[in-house]
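Reviewing the structure listed below.
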Protein chains: 2
Amino acid sequence: MVTIYDIARLSGVSKSTVSRVISNHPYVSTETKSKVIKVMQEYNYVPNSLAKQFRQKKSKCIAILIPDLNHPYFSQLVKYISADCYKSGYKTVVHQTFLNKEIEREVYTQLREYEYDALILTSSTLSEEEIAENTRNKIIVACNEDYRGDYFDVFCLNEEEVTMKATSHLISKGITKLGFCSDNISSPLQKARLKGFILAHAKKGLKHNKSLLFNEISSIEDGIMLGNSLFKDNLKIEGIIAGSDFVAAGLIRSAVSNNIQIPQHCSIVGFDNHPISLVTNPQISTISNHIPDMSNDLVNHIVNKINGVKQPPIKKVYKGEFINRNSS
Amino acid sequence: MVTIYDIARLSGVSKSTVSRVISNHPYVSTETKSKVIKVMQEYNYVPNSLAKQFRQKKSKCIAILIPDLNHPYFSQLVKYISADCYKSGYKTVVHQTFLNKEIEREVYTQLREYEYDALILTSSTLSEEEIAENTRNKIIVACNEDYRGDYFDVFCLNEEEVTMKATSHLISKGITKLGFCSDNISSPLQKARLKGFILAHAKKGLKHNKSLLFNEISSIEDGIMLGNSLFKDNLKIEGIIAGSDFVAAGLIRSAVSNNIQIPQHCSIVGFDNHPISLVTNPQISTISNHIPDMSNDLVNHIVNKINGVKQPPIKKVYKGEFINRNSS
DNA sequence: ATGAAAGCGCTAACAG
DNA sequence: CTGTTAGCGCTTTCAT
């Protein structure tokens, strides 16, 4: 391996000068610079970034914590975050937890061990306190997880409010047997949605039906299976807040197989305004998110923090909108 | 920052001993070990992995090159690869190229600069030679890109053969005006598919219709737009190999809007056997892949290579199957 | 504008 | 089983 020292020797300058050439430092004469560059090319020199990272105590790398990449919402989220980080000169390591607390804790350990300059949390099964405990003094930002924001920055959607709006819409159509699907109800985001769902009932003096709360429903297949149990014999349900457009698509598929008319017999609302909501029949009423904006703001913020800008934790809330299509 | 030296001093042993404790080296007495551990906890010591990586010249990190994460095929692929790498003790950095050659080359530079122990290529806009040129001596494996495998290992599907099968199926139904969609025709994978498409024609003494080759078609929206142009006035087409189930779903949506019956007026075949192929009406005929197996084999292989197992480039081909549903 | 020198935190021979 | 020693390749004062 040819090192900075070899290049220095070979071009008759000192290591410092070579280092200055590599990092484009201004204090180096044009002649020396071109001489050094020539030698570097001749000997096929490549700087060792591991040494640089070690020396500077900066990995130029940000970790992203998600449950599972093969999920339209998370893959979209990571797409934007990762691309924005790249633009700011940071690589991203994607960690899938599959909702396993141990894996999640290991990532916090790596963060403490200086492997990452910061961590972006998009979902967690731990409490805000436990996360703070595991990551003290480290830079950590939550993206669309509805934490209070006492210990770290939070960028999120108004999940509670917009779920309430969608639920109220269904209630105002006279629907009472109303169901709610969540992916992982222990996450703050999903709890916020449920809160909105319950609140919409409360506003009309109604109580939600606890037997129509379904957890761990996240994919098309889950939607189909849930639909089959719901639609089979007699209709146990008149409306469903589906948690994602994919679940909604599965429910609609199941309804078709079971001769249930959507929305006449049962209204369905998805989440995320994914293009899949356009290809089902009927098209899916859904809730839009603000992933590109959120990602952009979040990455700017986190880079500032890495560069030493100090400020108390902030919480920024984006407004999702209910989009009324044909499934409700 | 408390270092290994501090812990050594504080617990009355040498740095080496502390190092041995950290890495669970056997040659250290139980008493010394517990004494050192106690001091480490007391002083909240965390090892600096940047130093370790530098010292060992190993980043314990593998880069994955993909065009775009927000794509059901790639997000599934990365899900498995990333999880398998994690199990083997490697982190993964996901690099989206968005088909930009410059970004791709920068990743090769990082690879040369020791930022990654290896690189997994799932798609590239460069030739096998140029890639080899950019990454000489480095460990690099192609995953489902149909390179020849002269310079690096290749794990891929029998894209050509299975596309030929699906195309032959359509031709045997008497369809002649047959279209083909690709995402990025410069990639070897897509070229292989096209070759299969053409071959199926040739076998029946037919010529494929060049005006029915559509490139840069990859999403639901693309499928809808293409369908709208194809189905609008008079039917210019009787069958389409759609390139992905998402494109197929978009085409079906467009067909519904334009009063075209699938498959009576036009047959459609997708790719990947994604669950979306179950929720459209009709359900989509498609081609299965072998992502979990491929990922598992590939990661085992790459880890062996990192650990110094030498062997000439291998090429392993998996068999995808044509699944005949209701859209064809 | 350039060089000398110190050192980042850790591992790994080697010696005992 | 434990300690000594010698760096890994680079950046960064501090001189000059």
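Predicted model only: the values in this text are computed from it and were never measured. Every chain is numbered from 1 and lettered A, B, ... according to where its sequence line falls, protein lines coming before strand lines.
When the P atom of D/dG9 is taken as reference, atom CD of B/Gln53 falls 16 Å away, rounded to whole Å. Residue B/Arg9 contributes atom CZ, which lies 15 Å from atom P of D/dG3 at whole-angstrom precision. What separates OH of A/Tyr114 from C1' of C/dC10 is a distance of 14 Å, to the nearest Å. For the pair A/Tyr5 OH and D/dG9 P, the computed distance is 13 Å after rounding to whole Å. Taking atom CZ on B/Arg20 and atom P on D/dT4, their separation rounds to 11 Å, with Å as the unit. Regarding B/Asn24, its CG atom lies at a distance of 15 Å from the C1' atom of C/dT11, rounded to whole Å. Atom C1' of nucleotide C/dA1 and atom NZ of A/Lys33 are separated by 13 Å, given to the nearest angstrom. Across the protein-nucleic acid pair, B/His25 atom NE2 and D/dG3 atom C1' stand 13 Å apart, rounded to whole Å.
Using a 4.0 Å cut-off, no side-chain N or O of A/Ser19 falls inside it from OP1 or OP2 of D/dC10. The side chain of A/Ser16 contributes no N or O atom lying less than 4.0 Å from OP1 or OP2 of D/dT12. An OP1 or OP2 oxygen of C/dG3 is reached within less than 4.0 angstrom by a side-chain nitrogen or oxygen of A/Ser14. A sub-4.0 Å separation between OP1 or OP2 of D/dG3 and a side-chain N or O of B/Thr17 is present.
Within residues 55-63 of chain B, the residues having any heavy atom closer than 4.0 Å to DNA chain D are, in order of number, B/Arg55, B/Lys57.
Each of D/dC10, D/dC1, C/dC10 was ranked by its minimum atom distance to the side chain of A/Ile4; first place goes to D/dC10. Relative to the side chain of B/Phe54, the nucleotides D/dG7, C/dG9, C/dT2 differ in distance, and C/dG9 lies closest. The listed nucleotides are D/dT2, C/dC10, C/dT2; the one nearest the side chain of B/Ala51 is C/dC10. You'll find that the side chain of A/Tyr45 is closest to D/dC10, out of C/dC10, D/dT4, D/dC10. For B/Thr3, counting side-chain heavy atoms from C-beta on, the closest listed nucleotide (C/dA5, C/dG9, D/dT4) is C/dG9.
Contact annotation for B/Val13: backbone-only contact, meaning every heavy-atom pair under 4.0 Å involves sugar-phosphate atoms and none involves a base.
Between B/Asp117 and B/Lys60 there is no salt bridge, since no side-chain nitrogen of the basic residue lies less than 4.0 Å from a carboxylate oxygen of the acidic one. The pair B/Lys101-B/Glu104 does not count as a salt bridge, with every side-chain nitrogen at least 4.0 angstrom from each carboxylate oxygen. Salt-bridge annotation for A/Lys191 and A/Glu159: absent, with no side-chain N of the basic residue lying under 4.0 Å from a carboxylate O of the acidic one. For the pair B/Lys305 and B/Asp153, the salt-bridge criterion is met [side-chain N within less than 4.0 Å of a carboxylate O].
The two residues B/Glu145 and B/Leu189 come nearest to each other via the heavy atoms OE1-N, 2.8 Å.
The cationic atom of A/Lys15 (NZ for Lys, CZ for Arg) does not lie both less than 6.0 Å from the six-membered ring centre of A/Tyr5 and within 45° of the ring axis. Judged by the 6.0 Å and 45° rule, B/Lys138 forms a cation-pi pair with B/Tyr114.
Sequence order on DNA chain C of the closest nucleotides to A/Thr32 and A/Lys15 puts A/Thr32 first from the 5' end.
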Practice problem: For A/Asn304 and A/Gln311, run side chain to side chain contact (heavy atoms under 4.5 Å, CB included): C-alpha distance rounded to whole Å, both residues' side-chain angles, the deciding distance at 0.1 Å, then the answer. | Solution: CA-CA 10 Å; A/Asn304 283 337; A/Gln311 56 175 296; 6.0 Å; no
